[in-house]
A.B. asks: 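One structure, pasted below without further comment.
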Amino acid sequence: MPAVSFYKMKKKIISLIEKVAGGFGGPRLWRGRLTAGGSVPVEVFASDDERNGHYSTNVAFRLAKIRKQNPMEIATMLAEKIEEISPPGFLSKIEAAAPGFVNFWIAPSAFQGELKTILKMKGRYGRSKIGGGKKIQIEFISANPTGPLTVGNGRGGFLGDALANILNFCGWKARKEYYINDAKSSAQIRELGKTALGRGTSYLTEELAEKIKKIKLKKGASEEDAGSRLARELMKENRRFIEKELKIKFDVWFSEESLYESGAVRKTLEKLKKNDLAYEKDGAWWFRASRFGDTEDRVLVRNSGEPTYFLPDLAYHLDKFKKRKFDEAIDIWGADHYGYAPRLKAGLKALGVKEDGIRFIILQLVRLVKNGEEVRMSKRRGEFVTLKELIDEVGLDAARFFFLMYSPDTHMDFDLALAKERSLKNPVYYVQYAFVRILGILAKLKTAERKLPPKTDFEPLNTAEDFRLIRFLARFPEIVREAAESRAPAVLVRYLLETARAFHNFYEKERIAGEEKKIAAARLALALATKIVLENALGLLGVSRPKKM
RNA sequence: GUCCCCGUAGUUCAACGGAUAGAACAGCUCCCUUCUAAGGAGCGGAUCGAGGUUCGAUUCCUCGCGGGGACACCA
């Protein structure tokens with residue numbers, strides 16, 4: 001039996017089902033699922049225990065509906081037919097189970113063969129080309145240069161970074177971009193300028209006051225220039241923090257102001273005017289957003305003559321799609337910006353960008369809680385409300401893992417009082433510890449024993465713990481694909497926790513050092529394969545792999 | 001008022017319409033002469049409410065109730 005990846009096993013099962021379930025109008029495969037008779041979804045799902053097979057399908061229920069027949073009868077028939085045509089050595093068992101599932105057990109040799117693949121592929125294990133080289137731009141954090149990064153910025157930052165890794169691993173060309181809101185004509189820069197010149201108190205904190213003292217403003221500087229100068233300073237600091245402390249490397253730092261300098265903002269407005277998509281009212285220029293799905297028309301240029309945020313943002317997104325030819329753009333935003341999405345969508349639609357090109361990932365806000373009471377962003381000392389303070393407190397890996405665990409839709413409650421204590425119990429250590437244990441095993445072995453013999457026999461790997469671990473390892477390619485396709489790194493985090501658990505179980509039960517040669521070699525192969533998968537998965541999430549703990 | 005998200009164990013979260021609703025933390029029992037106990041084994045504990053669709057609903061639909069967010073010539 002040649003080594004096949006688990007993903008191929010699943011496909012193979014699907015093709016077996018297709019062969020025997022035909023006759024109801026060309027079932028086809030779509031995203032790992034079978035779609036038969038046009039719109040009837042059929043699933044083949046992997047299960048974590050042996051109870052109902054390694055794989056199961058609900059195809060009989062779907063067919064029952066079409067054929068008006070008892071699902072259990074169909075399942076029984078399918079199981080029999082599939083058994084007849086399945087290639088030797090692939091399935092160890094197949095059965096129909098009430099009320100109509102068909103369950104598949106993969107032969108041990110096929111699973112053991114997967115180990116060989118992992119050991120051979122190493123860092124490439126799980127890689128694929130399903131992205132087809134499509135260019136995806138992911139824009140995230142893009143925090144206003146008016147102060148330090150918040151905990152919410154961190155959530156978006158880790159998500160964007162991990163997502164880019166995963167997409168690149170699966171054959172997309174993902175680029176990470178930070179949009180710097182540094183437009184001189186913006187209200188926030190002017191407000192910042194007023195504060196810098198002592199004419200206002202917007203964004204003012206003790207830290208900001210320090211910074212204002214530090215920067216040297218020319219005498220008689222305009223509010224615009226003062227704000228711009230101060231924003232640059234704050235941005236410099238945030239960028240240093242992102243690169244050095246968050247360890248996130250952006251491919252592009254895109255300046256909003258550059259869109260003014262290049263004339264892109266002006267050209268975008270002209271285009272809108274020319275096509276009768278903008279009109280003048282009350283001294284301002286409005287975009288006919290209501291014609292394109294938004295609830296009302298939106299201001300592009302204020303009656304003061306200065307553009308709103310919307311106009312340069314349109315120019316920016318046009319730059320993504322028209323100039324730089326991205327196939328898809330993902331904007332990661334906090335929930336507080338959600339209402340802005342229809343406006344941007346309407347604008348892009350009007351300007352001829354195809355609708356499904358832009359995707360918004362809306363992160364629900366992180367709610368900071370202390371002793372059961374909500375803590376509002378407070379400038380008082382001692383409340384770590386900035387991302388820096390959080391990371392200083394709990395560490396980068398713990399913070400990163402914590403945020404990546406949860407789906408963007410979750411309204412997270414982050415308890416400040418418990419954060420430190422929680423951080424020590426962070427699940428990231430559970431995973432990292434599994435990795436460290438493997439290194440511990442290797443360290444215990446003599447140099448010669450650390451290498452696998454050329455023809456390692458996997459036969460001794462036959463306990464329940466062995467198979468369970470192998471099954472998890474073999475699912476890695478499938479899981480990465482799922483994470484990429486659904487743009488959801490959290491899937492990978494959960495997988496990692498389960499795989500680490502499977503390893504800890506294996507470790508508890510079986511020994512390697514000092515075992516008989518054949519057994520030691522086989523178990524070493526399993527440990528090494530686990531190490532590869534953990535390395536690959538942690539690498540994609542951007543979590544470090546410590547040598548010891 | 002309108003729109004979006006959420007409501008699952010004491011707590012923080014899982015479960016792409018499937019089989020006995022999973023973890024972690026907290027609580028209670030056990031397991032270190034062994035490759036690190038940051039680990040393992042076990043116990044107790046949950047789907048906000050009412051209808052509907054379905055062979056099957058935590059998941060989909062409608063209506064309530066509760067929480068968060070958005071409804072700017074701010075970004």
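Per chain, numbering begins at 1; letters A, B, ... match sequence-line order. Quick caveat: nothing in here was measured; it's all calculated off a predicted structure.
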A.B. asks: How about CD on A:Glu355, more than 12 heavy atoms from neighbouring residues, nucleotides or ligands closer than 6.0 Å, or not?
C.D. replies: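 No - once you tally the heavy atoms of other residues, nucleotides and ligands closer than 6.0 Å, there are 12 at most.
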A.B. asks: Considering only heavy atoms and no angle criterion, is a donor-acceptor pair shorter than 3.5 Å present between the side chain of A:His411 and the base of B:G67?
C.D. replies: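 Per atom types, the contact qualifies.
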A.B. asks: Side-chain N or O of A:Arg343 versus OP1/OP2 of B:C71: is the shortest distance under 4.0 Å?
C.D. replies: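 No, no such contact exists.
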A.B. asks: Can you check whether any acceptor in the base of B:G18 is under 3.5 Å from a donor in the side chain of A:Asn58, or vice versa?
C.D. replies: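 Answer yes: a donor N or O sits under 3.5 Å from an acceptor.
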A.B. asks: Does B:A70 have its OP1 or OP2 closer than 4.0 Å to a side-chain nitrogen or oxygen of A:Thr295?
C.D. replies: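 Looking at the OP1 and OP2 atoms of B:A70, neither is under 4.0 Å from any side-chain N or O of A:Thr295.
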A.B. asks: Of all the nucleotides listed (B:A19, B:C6, B:C13), which has the minimum atom distance to the side chain of A:Asp409?
C.D. replies: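 The answer is B:C6, which lies nearest to the side chain.
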A.B. asks: Measure CG/A:Leu496 against P/B:C13 and give the value in whole Å, please.
C.D. replies: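 Whole-Å distance recorded here is 20 Å.
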A.B. asks: Looking at A:Arg494, does any N or O in its side chain come under 4.0 Å of the phosphate oxygens OP1/OP2 on B:A23?
C.D. replies: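 For B:A23, OP1/OP2 do not have a side-chain N/O of A:Arg494 under 4.0 Å.
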A.B. asks: In whole angstrom, give the distance that lies between atom CD1 of A:Ile189 and atom P of B:C74.
C.D. replies: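 It is 14 Å, rounded to the nearest whole Å.
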A.B. asks: Kindly label the base of B:C32 as syn or anti, based on whether its glycosidic torsion lies within 90° of 0.
C.D. replies: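 This nucleotide is in syn.
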A.B. asks: What's the closest nucleotide to the side chain of A:Phe45 if the choices are B:U34, B:G69, B:A19?
C.D. replies: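 Per side-chain heavy atoms of A:Phe45, the pick is B:A19.
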A.B. asks: Report yes or no: is there a donor-acceptor pair, N or O only, under 3.5 Å between the side chain of A:Ser56 and the base of B:A19?
C.D. replies: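 Indeed there is one.
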A.B. asks: Starting the side chain at C-beta, find the nucleotide from B:A38, B:G69, B:C35 nearest to A:Met549.
C.D. replies: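 Side chain of A:Met549 sits closest to B:A38.
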A.B. asks: Specify the separation, in whole Å, of atom NZ of A:Lys345 and atom P of B:C4.
C.D. replies: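 In whole Å, B:C4 P and A:Lys345 NZ are 13 Å from each other.
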A.B. asks: Taking the minimum atom-to-atom distance to the side chain of A:Trp286, which one of B:C5, B:A37, B:C73 wins?
C.D. replies: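 It is B:C73.
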A.B. asks: Only pairs with both distances under 3.5 Å count, Watson-Crick or wobble alike; so what is the partner of B:U2 in this structure?
C.D. replies: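 Across any shown strand, B:U2 pairs with B:A70.
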A.B. asks: Counting any heavy atom closer than 4.0 Å, what does A:Tyr309 reach on the DNA or RNA strands: base, sugar-phosphate only, or nothing?
C.D. replies: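 Base contact - A:Tyr309 has a heavy atom under 4.0 Å of at least one base atom.
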A.B. asks: From NZ of A:Lys65 over to C1' of B:U53, roughly how many Å is that when rounded to an integer?
C.D. replies: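 The answer, rounded to whole Å, is 10 Å.
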A.B. asks: B:A19 base stacked by A:Phe101? Criteria: ring centres under 5.5 Å, plane angle under 30°.
C.D. replies: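 Yes.
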A.B. asks: If you assign A:Lys548 and A:Tyr406 each to the RNA chain B nucleotide with the nearest heavy atom, which residue ends up on the more 5' nucleotide?
C.D. replies: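 Of the two residues, A:Tyr406 wins.
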A.B. asks: Output the rounded distance in Å from CZ (A:Arg545) to P (B:A38).
C.D. replies: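 So the two atoms are 23 Å apart, to the nearest Å.
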A.B. asks: From the list B:A41, B:A75, B:G69, which nucleotide is the closest neighbour of the side chain of A:Ala335?
C.D. replies: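 From the listed options, B:G69 comes nearest.
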A.B. asks: Check the side chains of A:His317 and A:Asp331 for a donor-acceptor pair under 3.5 angstrom, ignoring hydrogens and angles.
C.D. replies: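 Yes - a donor-acceptor pair under 3.5 Å links their side chains.
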A.B. asks: From the options B:G18, B:C74, B:U54, select the nucleotide whose nearest atom is closest to the side chain of A:Phe61.
C.D. replies: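 That would be B:G18.
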A.B. asks: Kindly say whether, by distance alone, the side chain of A:His337 makes a donor-acceptor pair under 3.5 Å with the base of B:A70?
C.D. replies: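 By the distance-only test, no, there is no pair.
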A.B. asks: Taking the side chain of A:Arg62 as heavy atoms from C-beta outward, which of B:C73, B:C55, B:A38 is closest to it?
C.D. replies: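 Between B:C73, B:C55, B:A38, the one nearest the side chain of A:Arg62 would be B:C55.
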A.B. asks: Whole-Å distance between B:G18 C1' and A:Met72 CE?
C.D. replies: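 A:Met72 atom CE is separated from B:G18 atom C1' by 15 Å.
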A.B. asks: Between B:C13, B:C4, B:C73, which nucleotide has the shortest distance from any of its atoms to the side chain of A:Met412?
C.D. replies: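 Comparing B:C13, B:C4, B:C73 against the side chain of A:Met412, the answer is B:C13.
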A.B. asks: CZ of A:Phe402 versus P of B:C25: gap in Å, rounded?
C.D. replies: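 In whole Å, B:C25 P and A:Phe402 CZ are 14 Å from each other.
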A.B. asks: Below 3.5 Å, does any donor atom in the side chain of A:Asn103 face an acceptor in the base of B:A19, or the other way round?
C.D. replies: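 Yes, the side chain and the base share a sub-3.5 Å donor-acceptor pair.
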A.B. asks: Quick one: sort the A:Phe292 and A:Phe287 rings into parallel, tilted or perpendicular, breaks at 30° and 60°.
C.D. replies: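 If you compare the ring of A:Phe292 with that of A:Phe287, the planes turn out parallel.
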A.B. asks: B:C5, B:C35, B:A19: which one has an atom nearest the side-chain heavy atoms of A:Gln364?
C.D. replies: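 The answer is B:C5, which lies nearest to the side chain.
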A.B. asks: Parallel, tilted or perpendicular, judged at 30° and 60°: which one describes the rings of A:Phe61 and A:Phe101?
C.D. replies: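 Perpendicular, since the angle between the ring planes exceeds 60°.
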A.B. asks: So A:Phe254 and A:Tyr316, would you call those rings parallel, tilted or perpendicular, with 30° and 60° as cut-offs?
C.D. replies: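 Ring orientation, 0 to 90° scale: tilted.
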A.B. asks: Examine B:A24: is either OP1 or OP2 under 4.0 Å from a nitrogen or oxygen in the side chain of A:Tyr429? Give yes or no.
C.D. replies: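 A:Tyr429 to B:A24 OP1/OP2: no side-chain N or O under 4.0 Å.
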A.B. asks: Which sits closer to the 5' end of RNA chain B, A:Ala500 or A:Lys281, going by the nucleotide each is nearest to?
C.D. replies: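 Its nucleotide being nearer the 5' end, the pick is A:Ala500.
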A.B. asks: Taking the inter-plane angle between the rings of A:Phe360 and A:Trp333 on a 0 to 90° scale, is it parallel (under 30°), tilted (30 to 60°) or perpendicular (over 60°)?
C.D. replies: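 Rings of A:Phe360 and A:Trp333: tilted, as their planes differ by 30° to 60°.
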A.B. asks: Any side-chain N or O of A:Arg302 less than 4.0 Å from the OP1 or OP2 oxygen of B:A72?
C.D. replies: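 No, because none of the side-chain N or O atoms of A:Arg302 sits under 4.0 Å from OP1 or OP2 of B:A72.
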A.B. asks: Over 60° means perpendicular and under 30° means parallel, so tell me whether A:Phe402 and A:Tyr406 are parallel, tilted or perpendicular.
C.D. replies: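 Ring orientation of A:Phe402 relative to A:Tyr406: perpendicular.
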A.B. asks: When you measure from the side chain of A:Glu296, which nucleotide among B:C71, B:A75, B:C13 comes out closest?
C.D. replies: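 Of the options given, the side chain of A:Glu296 lies nearest B:C71.
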A.B. asks: When the distance from CD1 of A:Ile74 to P of B:C55 is rounded to whole Å, what number comes out?
C.D. replies: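 Interatomic distance, CD1 of A:Ile74 to P of B:C55: 14 Å.
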